[in-house]
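Counting convention: from 1, in listed order, for ligands and their atoms alike. Just so it is clear, the values below take in all heavy atoms, side chains as well, and ignore hydrogens, waters and symmetry mates.
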Amino acid sequence: MSKAEELAAVSMSFSPDKFPSRPELFDFHGVSMTHYFTDNWENIQNFQARPDDILIATYPKAGTTWVSYILDLLHFGQTERQTSVPIYNRVPFLEIIVPPLYSGKDLVDNLPTSPRLIKTHYPVQFVPKSFWEQNCRVVYLARNAKDNMVSYFHFDRMNMAQPEAGDWSSYIPRFIEGKLVFGSWYDHVNNWWKKKQTYPKLHYMFYEDLVQDTGQEIDKLCGFLGLSRSDEEKRRVTDGAHFDNMKKDDMANYSTNAIMDFKISPFMRKGKVGDWKNHFSVAQSEMFDEDYKKKMTDVTLQFRTEI
Ligand code: PPS
């Protein structure tokens, strides 16, 4: 039995209502975290990357699963693995450890693919140094703050391994203050953006561009990854990674994941740019924008909240 199959078997015996109580948020080297992402800290820091590893980095809910799915299809095409192994095992989440359900590092260590696609939500300063030493390719995907927050809010409601979401009006100040798992969205997107200036093998992309023109973003990804794929192959990836397709694909929609309560909210929720308008009141939006301007002073980093 492979490591992925072993973990899938354990997962079957779990359900969200049997999961232990929600974790506490605490300060970890200046970033809000929960123990699920710090318990394996030493091992993660000593992680040995390989030169062809590809790191997919995001703030939570920026579209990680989407870009993981795209990279997986671009590299390996539609194989038996795509129809039998959940995306979170094909592209393991390096720093997560939820015993006995999931150890991202164990999964990475047992990945049969080459290259290995590896997911992280770490802020740039937490990334194990071997990724930089090995000069690995890194794909960073960012999403506008308002939609990112809405998506995170619904995720925190339904994921038993996350702190409680609370109500929407109390969630906004927590997002603004960076009091969510993986800390401040503002620091995350800005510090990764700065890293791009000194580390050429970092491809920084935006969720809004991916929604607007998936094909064009796939072209850019192929250029970055040094992949030559026919128009037909690229079209298959674009179509395969469409929201509606991924939503009904049990290997992509997280329905096999034991710690999420889909009765509260689905993982593949809306997949839209601008859903924030259905959540923010005018006053909340104005207050948010005012604070945003103070924090986002680098004019070279611009987000779109509608397309
Ligand atoms: S996680 O838990 O951090 O890994 O979540 P992540 O995958 O980063 O983000 C989930 C949001 O991405 C949306 N999504 C997509 N949007 C458009 N097209 C496709 N194919 C797609 N796949 C995932 C998903 O619906 C979540 O956003 P919301 O706004 O909640 O719908």
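Residue contacts with ligand 1 for R269 involve both N, CA, C or O and side-chain atoms from C-beta outward (heavy atoms, distance under 4.0 Å). By the criterion of a heavy-atom distance under 4.0 Å, the backbone of A241, and not its side chain, is placed next to ligand 1.
When only interatomic distances are considered, the shortest N/O to N/O separation between G63 and ligand 1 falls below 3.5 Å. For the pair H242 and ligand 1, the shortest N or O to N or O distance does not fall below 3.5 Å. Backbone and side-chain nitrogen or oxygen atoms of G271 are examined, and one is located within less than 3.5 angstrom of a nitrogen or oxygen of ligand 1. Considering backbone and side-chain atoms alike, W66 places an N or O below 3.5 Å from some N or O of ligand 1. Among the atoms of Y59, none of the N or O lies under 3.5 angstrom from an N or O of ligand 1. Residue K272 places no N or O, backbone or side chain, under 3.5 Å from any N or O of ligand 1. Between D147 and ligand 1, no N or O atom pair is found at a separation short of 3.5 Å.
In terms of protein heavy-atom proximity, atom 24 (C) of ligand 1 is closest to F267 O, 4.0 Å. The shortest contact between atom 8 (O) of ligand 1 and any protein heavy atom is with T64 OG1, 2.4 Å.
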Which atom pairs, donor and acceptor, lie under 3.5 Å between side-chain atoms of residues 235-242 and protein residues at least two apart or in another chain?
unit_1: R235; atom_1: NH1; unit_2: D239; atom_2: OD2; d: 2.9
unit_1: R235; atom_1: NH2; unit_2: E232; atom_2: OE1; d: 3.1
unit_1: R235; atom_1: NH2; unit_2: E232; atom_2: OE2; d: 3.3
unit_1: R236; atom_1: NH1; unit_2: E232; atom_2: OE2; d: 3.3
unit_1: T238; atom_1: OG1; unit_2: K234; atom_2: O; d: 2.9
unit_1: H242; atom_1: ND1; unit_2: D244; atom_2: N; d: 3.1

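In this structure, K201 has no salt bridge (charged side-chain N to carboxylate O under 4.0 Å, His left out) partners at least two apart in sequence or on a different chain.
Per-residue contacts place H121 under 4.0 angstrom from the following atoms of ligand 1 (heavy atoms of the residue considered): 1 (S), 3 (O), 4 (O). For ligand 1, the atoms lying closer than 4.0 Å to a non-hydrogen atom of P60 are 3 (O). Near F155, the atoms of ligand 1 lying under 4.0 angstrom from a non-hydrogen atom of the residue are 2 (O). Annotation for ligand 1: atoms under 4.0 Å from non-hydrogen atoms of S151 are 11 (C), 26 (C), 27 (O), 28 (P), 29 (O), 30 (O).
At most 12 heavy atoms of other shown residues, nucleotides or ligands fall within 6.0 angstrom of atom NZ in K129.
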Apply side chain to side chain contact (heavy atoms under 4.5 Å, CB included) to R269 and F155, showing your working. CA-CA 9 Å; R269 201 181 55 88; F155 185 69; over 6 Å; no

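Between F37 and F182, the gap from one ring centroid to the other is short of 6.0 Å. Ring-centre distance between F175 and Y152: not below the 6.0 Å cut-off. Ring pair H35/W41: centre-to-centre distance not below 6.0 Å.
Distances shorter than 4.0 angstrom occur between a heavy atom of K119 and an atom of ligand 1.
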